[in-house]
Amino acid sequence: MSDLRVRDVTEADLPAALQIRTRSFGPLRVSEQSWWDGLAAEVLPGRMLAVVDESDTMLATGRALPFEQVWGGRHLRMGGVAGVYVEPSARGRGVGTLLGRALVGRMVELGDVVSCLFPTAPELYRAVGYEVGGVQPRCSYAAHDVRAVRSQGGGLRPRPAGPEDAALVHSLLRAHQERHALSGPMLPTVEKWREYLADDGLINYVLDEEDGRGFVSYSLADEVLTVEEIAAESAEATAALWAVVGSGSSAAPTVRGHLDPRDPARLLLGAVPELDVREHVWMLRVLDLPGAMAARGFAPHVTASVDVVVDDPLVPAGSGRWTLTVESGAGRADPADPTEGTGGAGASPAAYGLEGEPARLGPRGLAALWCGWTMSRLRLAGLVRGGRPETDRALDAVFAGSPHLTEYF
C-alpha cells in the first residue's frame with residue numbers, strides 16, 4: 001500500500017466519487033446535481049475522505065456524517081460512517097481498511113466520541129474496531145387495530161405540522177429520548193427537521209396542547225403506512241397520534257414502523273405485532289472512552305467502579321488501564337493509578353500481571369460491552385480475557401440495555 005495515500009475530498013472530486021459509487025452500487029435514484037449538493041452540504045470540508053494512488057486517481061471514498069445519538073437518555077456526538085465506495089478494480093489491496101482507519105482518526109480529531117454504521121462488509125469494519133451493537137427492528141400492525149385506539153385519545157386532535165414547527169418537534173423528541181432514557185436513536189437537528197417537515201413524501205402531525213403534546217411522522221406508499229417517528233407525553237396523546245395514522249386504513253391495510261422494541265404501542269394496541277424476520281444490523285465503535293463515558297447517561301441506582309484494560313491500536317490515547325466509575329446516573333473514565341502496579345493509560349501489555357488482571361478488551365469488545373452485550377457472551381466470542389466474575393457482573397450492570405437504532409443513514 002506504499003503507493004496509496006488518504007486525503008480530503010474536494011468539490012472537484014465529486015464526479016469521480018459518483019463514478020465509483022455507480023460502479024459499486026449501481027446508478028443513483030436521484031439527480032446527480034442533488035446528490036452532489038447534499039453531499040457537499042453535509043461533509044465538505046473535513047468529513048469526506050478519499051484513498052488515491054500515486055497519480056492522485058481516486059480509488060475509494062467514504063464519509064463520516066455528524067450526528068447526535070442518545071445513550072442512557074443523554075446525547076453524544078456520533079460520527080455516522082456512510083457512503084464507503086471502493087473502485088472494483090482496486091479491491092483486495094487493503095484500500096478499504098486504509099480508508100476505515102483514516103475515517104476513525106478523522107472522527108477522533110473532530111471530537112466524535114462514538115461512531116455507528118450499517119455494514120455491507122462486517123469484517124472490513126471489524127478490522128478497524130467496530131462490532132455489532134444491535135438491529136434496526138421493524139414491526140407491523142393491521143391498520144384497523146391502530147385506528148381503534150381513537151376512543152382512548154381523550155378528544156385530542158393533532159394538527160398538520162410544517163417547517164415552522166421544526167424547533168417544537170426537535171424539543172419534543174429530545175425530551176422523549178431523555179424521559180425514557182433511550183439508547184441508540186439519533187436526534188436530527190432543527191435544520192434537518194425543517195427539511196423533513198417540508199418533504200411532500202412525509203405526513204406530519206403535532207400535538208401542542210396543555211393536556212397532550214406529541215408528534216408523529218409517517219408516509220403512505222404501496223398500501224403501507226410507515227411510521228418514521230412518534231413521541232408523546234401522555235397516554236391520551238399517544239392514542240391520538242396512533243389513531244391519526246390508523247385513520248388511513250381504507251387506503252392502506254398495514255401500518256409498519258422501525259420502532260423501539262419497548263414502544264408503548266405494544267401495550268396500547270389491541271393486537272400483537274407481526275415481527276419482520278429481516279433484521280438490519282448496525283455496528284458501533286467507541287472513539288473517545290473518557291468523552292463517551294462523561295456524555296452518556298447511566299441508571300441512577302447503579303454505583304460501580306471497575307478497572308478495565310483497553311488495547312486500541314488505532315486510538316492510542318484510548319489504550320491502557322482505565323477506571324470506569326458510575327454514580328448517580330453519571331459516569332467517567334479515569335486513567336488508573338500507575339502506583340497500583342499495572343501502569344496507567346497507555347502502558348504496554350507487558351506491564352500487566354496475570355494475577356488479578358482486569359478484564360482486557362480490544363475496540364470490538366469495548367464496543368459490544370458499550371451496547372449491552374454481557375461479559376459472558378463477550379467471552380464466548382473471544383472478545384475479552386482476564387477479569388473476575390464480580391467485575392463482570394458490575395460491568396454488565398453498568399452497560400445493561402438493548403439499544404435500538406431506528407434511523408438509516
Side-chain angles (χ1 to χ4, degrees), residues 38 41-42 65-78 80 136 146-147 149-150 152-221 225-248 255-260 262-265 267-269 295-297 403-409:
E42 285 187 318
L65 302 165
F67 290 131
E68 196 173 24
Q69 185 181 28
V70 64
W71 284 95
R74 294 179 62 186
H75 294 83
L76 286 65
R77 287 188 56 166
M78 186 268 274
Q136 182 187 36
V146 176
R147 181 174 184 167
V149 302
R150 174 171 291 174
Q152 303 174 50
L156 295 175
R157 293 287 181 179
R159 64 170 175 82
E164 67 280 2
D165 295 305
L168 171 61
V169 169
H170 182 270
S171 67
L172 287 171
L173 292 176
R174 177 177 284 275
H176 170 78
Q177 293 175 352
E178 292 174 349
R179 182 169 57 254
H180 298 291
L182 298 185
S183 290
M186 301 187 306
L187 181 65
T189 63
V190 173
E191 292 72 23
K192 274 293 180 186
W193 271 114
R194 195 168 287 115
E195 292 178 25
Y196 297 154
L197 293 168
D199 185 346
D200 292 337
L202 292 174
I203 305 166
N204 305 294
Y205 284 89
V206 68
L207 274 169
D208 189 22
E209 302 179 22
E210 185 176 339
D211 53 352
R213 285 161 48 92
F215 170 73
V216 65
S217 178
Y218 64 99
S219 61
L220 171 57
L225 294 151
T226 301
V227 177
E228 305 292 345
E229 195 78 63
I230 187 165
E233 293 183 357
S234 69
E236 292 78 15
T238 301
L241 291 169
W242 276 109
V244 78
V245 177
S247 68
V255 173
R256 181 176 294 157
H258 295 286
L259 302 174
D260 177 352
R262 292 285 181 172
D263 189 278
L267 309 177
L268 174 69
L269 302 180
R296 177 175 176 155
H404 65 282
L405 183 55
T406 55
E407 304 86 351
Y408 186 85
F409 55 87

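Just so you know, residue 1 is the first one in the sequence shown, and it goes up from there. Computation of the quantities below employed the complete heavy-atom set of this structure, encompassing side-chain atoms and omitting hydrogens, waters and symmetry-equivalent molecules. Since the model is a prediction, treat every value here as computed from it, not as a measurement.
- Side-chain contact check for Arg256 versus Leu225: every heavy-atom pair is 4.5 Å or farther apart.
- Without hydrogens or angle criteria, Gln136 side chain to Thr406 main chain gives a donor-acceptor distance under 3.5 Å.
- Leu156 approaches Gly212 most closely through the heavy-atom pair CD1-CA, 4.0 Å.
- Among pairs with a residue in residues 171-193, those fulfilling salt bridge (charged side-chain N to carboxylate O under 4.0 Å, His left out) read Glu42-Lys192, Glu68-Arg174, Arg174-Glu178, Lys192-Glu195, at least two apart in sequence or across chains.
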Apply side chain to side chain contact (heavy atoms under 4.5 Å, CB included) to Glu407 and His258, showing your working. CA-CA 8 Å; Glu407 304 86 351; His258 295 286; over 6 Å; no
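- In this structure the side chain of Ile230 reaches within 4.5 angstrom of the side chain of Leu259, judged on heavy atoms.
- A distance-only check finds a donor-acceptor pair linking the side chain of Gln177 to the backbone of Met186 [under 3.5 Å].
- For residues 231-242, the set of pairs meeting the side-chain hydrogen bond (donor to acceptor under 3.5 Å, both in side chains) definition, not counting sequence neighbours, comprises Arg213-Glu233.
- Every salt bridge (charged side-chain N to carboxylate O under 4.0 Å, His left out) that Asp165 has, sequence neighbours left out, goes to Arg159.
- In this structure, the side chains of His180 and Asp260 stay at 4.5 Å or more apart for every pair of heavy atoms.
- Taking CZ from Arg262 and CG from Leu267, the interatomic distance works out to 8.5 Å, rounded to the nearest 0.5 Å.
- Val169 places a side-chain heavy atom less than 4.5 Å from the side chain of Leu173.
- For Ala243, the side chain to side chain contact (heavy atoms under 4.5 Å, CB included) partners at least two apart in sequence or on another chain are Val149, Arg150.
- With contacts defined as side-chain heavy-atom distances shorter than 4.5 Å, the pair Pro185/His404 qualifies.
- For the ring pair (Phe, Tyr, Trp, His ring centres under 6.0 Å) test, no residue two or more places apart in sequence or in another chain qualifies with Tyr205.
- Minimum interatomic distance between Pro158 and Leu241 (heavy atoms only, all atoms of both residues): CG-CD2, 4.0 Å.
- Contact between Leu202 and Ser219 at its shortest, heavy atoms only, is CD2-CB, 4.4 Å.
- Within the 3.5 Å criterion, the main-chain N or O of Gly184 finds a donor-acceptor partner in the side chain of Gln69.
- For the pair Leu207 and Phe215, the minimum side-chain heavy-atom distance is 4.5 Å or more.
- At least one side-chain heavy atom of Val206 sits under 4.5 Å from a side-chain heavy atom of Leu172.
- In terms of heavy-atom proximity, Gly72 sits nearest to Ser183 at N-OG, 2.8 Å.
- Partners of His75 according to the ring pair (Phe, Tyr, Trp, His ring centres under 6.0 Å) rule, which considers only residues two or more places apart in sequence or in another chain, do not exist here.
- In this structure, the side chains of Leu187 and Val70 stay at 4.5 Å or more apart for every pair of heavy atoms.
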Is there a side chain to side chain contact (heavy atoms under 4.5 Å, CB included) between Arg194 and Tyr196 once you walk through the steps? CA-CA 6 Å; Arg194 195 168 287 115; Tyr196 297 154; over 6 Å; no
Side chain to side chain contact (heavy atoms under 4.5 Å, CB included) for Tyr218 and Thr226? Distances and angles first, verdict last. CA-CA 5 Å; Tyr218 64 99; Thr226 301; 5.9 Å; no
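- Rounding to the nearest 0.5 Å gives a distance of 10.0 Å between CZ of Phe67 and OG1 of Thr189.
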